[in-house]
There are 2 protein chains.
Amino acid sequence: MTIRPTPRISARKQPKQERSRQVVAAILTAAGRVLAREGVRRFTAARVAVEAGVSVGSLYQYFPNKEAILFRLQADEWKETGGLLGGIIADATLPPLERLRAAVHEFIRSECEEAGMRAALDDAERLYRDAPEARRLRLAVTRTVRAFMREALPHTPQSVRIVAADVMMTAMEAVGKQISEGEYAPAAIDARARALADMFCAYLDTLRASVDV
Amino acid sequence: MTIRPTPRISARKQPKQERSRQVVAAILTAAGRVLAREGVRRFTAARVAVEAGVSVGSLYQYFPNKEAILFRLQADEWKETGGLLGGIIADATLPPLERLRAAVHEFIRSECEEAGMRAALDDAERLYRDAPEARRLRLAVTRTVRAFMREALPHTPQSVRIVAADVMMTAMEAVGKQISEGEYAPAAIDARARALADMFCAYLDTLRASVDV
DNA sequence: TGATAACGCGACTATCTATTCGTATTATTC
DNA sequence: GAATAATACGAATAGATAGTCGCGTTATCA
């Protein structure tokens with residue numbers, strides 16, 4: 001329904017000298033601060049440039065628009081937690097459900113780091129979510145999760161597995177967002193992680209039971 | 001972290017004559033169309049006024065700002081589906097888990113109506129979510145769900161119930177959003193509703209089992 | 001050292017947007 | 001049918017924002 005032109009997000013120019021690499025780095029950390037402090041609505045190229053101690057012109061030399069900065073920030077987060085989760089979920093020395101539990105807790109924990117920035121990043125998601133780069137990143141995560149599901153539920157029909165994986169991912173992300181947005185005590189956060197893990201395990205158990213009769 | 005001034009959202013002036021009531025109605029339906037067609041970013045008072053065939057001035061006579069329009073749109077949706085869900089979930093003639101199942105399906109179904117507008121409304125949520133009116137509405141839903149949980153899991157500690165209710169609500173909303181945003185075939189939507197309901201039921205079953213030993 | 005490429009700068013333009021306010025029009029009341 | 005309240009109007013104001021461009025500075029390399 002909504003017609004959204006997908007924004008260009010890829011970098012405009014690669015920094016070649018050391019100083020320009022530092023400029024890019026300064027822009028990114030400044031962007032994180034601006035986002036956490038002011039929220040998406042007031043996240044502007046000008047403000048980021050000031051915070052980074054750099055001119056707008058320099059900023060636009062490396063990022064085609066502000067969406068690209070936000071995406072880069074988010075992509076870095078994704079790569080980091082994606083790597084962590086991938087490691088946990090692929091660790092064949094533990095039974096699948098243990099791994100799932102561990103992954104859920106790790107995910108929730110990671111959402112708590114720099115919660116202010118993450119919350120704002122979630123708000124900003126719509127600014128870049130339709131871009132192909134974002135889709136590609138998301139797909140990588142999806143594949144990891146599906147691989148896990150294939151291992152955990154080898155006898156469940158693929159169609160069921162895929163939907164289950166999808167719903168679980170959505171749920172986990174949503175709880176993560178919720179936590180990074182509100183003020184939750186550590187105990188409350190932990191309780192939510194546990195509840196989520198319990199819920200997933202219970203679900204997978206019934207799925208397994210409904211086939212392995 | 002983020003300092004967000006909570007926007008004023010309540011109506012500025014109550015329409016007293018028939019023609020002004022029509023203006024308000026025209027504004028609201030036009031707002032829905034604009035939102036669905038152009039997305040939040042291009043949702044402006046001017047555009048809504050044009051779409052409604054009304055002047056900006058008239059618009060501002062009944063809404064203090066555009067957030068108020070969005071909130072009103074969302075509030076109307078919430079009241080509608082809230083009423084529906086409340087009815088299903090309180091229907092004491094069915095066993096609790098049956099009701100839960102029915103409620104999940106009903107919720108997902110309702111999210112599919114006017115999906116374009118709903119998706120944009122979700123994007124717009126941050127514009128009004130901190131306002132007291134929005135908190136109050138949300139609380140009403142929370143209470144309904146908690147009451148249900150109390151009935152379904154009478155022997156589970158309250159603290160566990162509350163967290164479980166919270167996580168389930170979050171998950172359901174997230175799946176609903178996801179569906180209203182993407183292009184899903186009816187079968188895919190149904191599969192997700194079923195998966196969600198299965199997951200919830202499995203979870204509640206284990207919670208029940210862990211106490212009623 | 002001189003030539004060239006990379007980099008950094010920030011004033012500037014072109015839009016958009018929210019919201020107000022004085023005036024004109026229409027309903028209601030007496 | 002005055003008088004008054006309610007409503008409708010939309011030009012105008014004040015501000016924000018995205019993104020560019022030409023020029024000066026710094027690095028690289030022969």
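Bear in mind that the values here come from a model prediction, so they are computed numbers and not experimental data.
- Not counting sequence neighbours, A:Thr156 has no partner by the side chain to side chain donor-acceptor pair (under 3.5 Å) test.
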Nucleotide-resolved protein contact map, nucleotides 21-30 of chain C, B/S/- at heavy-atom distance under 4.0 Å: -----BSS--
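- Atoms CD (A:Glu67) and P (D:dT17) sit 14 Å apart, rounded to a whole Å.
- Rounded to an integer number of Å, the gap from A:Gln22 CD to C:dA6 C1' is 15 Å.
- Side-chain proximity of B:Val23 to the nucleotides C:dA6, D:dG19, D:dA8 is greatest for D:dA8.
- Using a 4.5 Å cut-off on side-chain heavy atoms (C-beta onward), A:Ile88 and A:Phe148 make no contact.
- Partners of A:Glu106 according to the side chain to side chain donor-acceptor pair (under 3.5 Å) rule, which considers only residues two or more places apart in sequence or in another chain, are A:Arg109.
- Distances shown here put a side-chain N or O of B:Ser20 below 4.0 Å from the OP1 or OP2 atom of D:dT7.
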Please produce a list of atom pairs where a protein N or O lies less than 3.5 Å from an N or O of nucleotides 14-17 of chain C.
residue : atom : partner : partner atom : Å
C:dT17  : OP1  : B:Arg47 : NH2          : 3.2
C:dT17  : OP2  : B:Arg47 : NH2          : 3.1

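- Here the C1' atom of nucleotide C:dA18 and the CD1 atom of B:Ile69 are 11 Å apart, to the nearest Å.
- Among residue pairs with one or both ends in residues 157-168 of chain A, those qualifying as salt bridge (charged side-chain N to carboxylate O under 4.0 Å, His left out) are A:Asp166-B:Arg192; sequence neighbours excluded.
- Scanning for side chain to side chain donor-acceptor pair (under 3.5 Å) contacts around A:Arg101 gives A:Asp198, with sequence neighbours left out.
- Considering all non-hydrogen atoms of both residues, A:Val40 and A:Ala120 come closest at CG2-O, 3.6 Å.
- Listed candidates were C:dG8, D:dA8, D:dA6. Nearest to the side chain of B:Lys16 is D:dA6.
- One atom, CD of A:Gln61, and another, C1' of D:dC21, lie 11 Å apart when rounded to the nearest Å.
- Distance CG (A:Leu59) to C1' (D:dC21): 16 Å, rounded to an integer number of Å.
- Separating the CZ atom of B:Phe63 from the C1' atom of C:dA18 is a distance of 16 Å, rounded to the nearest angstrom.
- Taking the salt bridge (charged side-chain N to carboxylate O under 4.0 Å, His left out) definition, one finds that B:Asp76 meets it with B:Arg72, sequence neighbours left out.
- Between the CZ atom of A:Arg21 and the P atom of C:dG8 there is a distance of 11 Å, rounded to whole Å.
- Remark: A:Ser55 pairs with A:Ser58 by the side chain to side chain donor-acceptor pair (under 3.5 Å) rule, at least two apart or across chains.
- Not counting sequence neighbours, the partners of B:Ile189 by the side-chain contact (heavy atoms from CB on, under 4.5 Å) test are B:Ile108, B:Cys112, B:Ile179, B:Tyr184.
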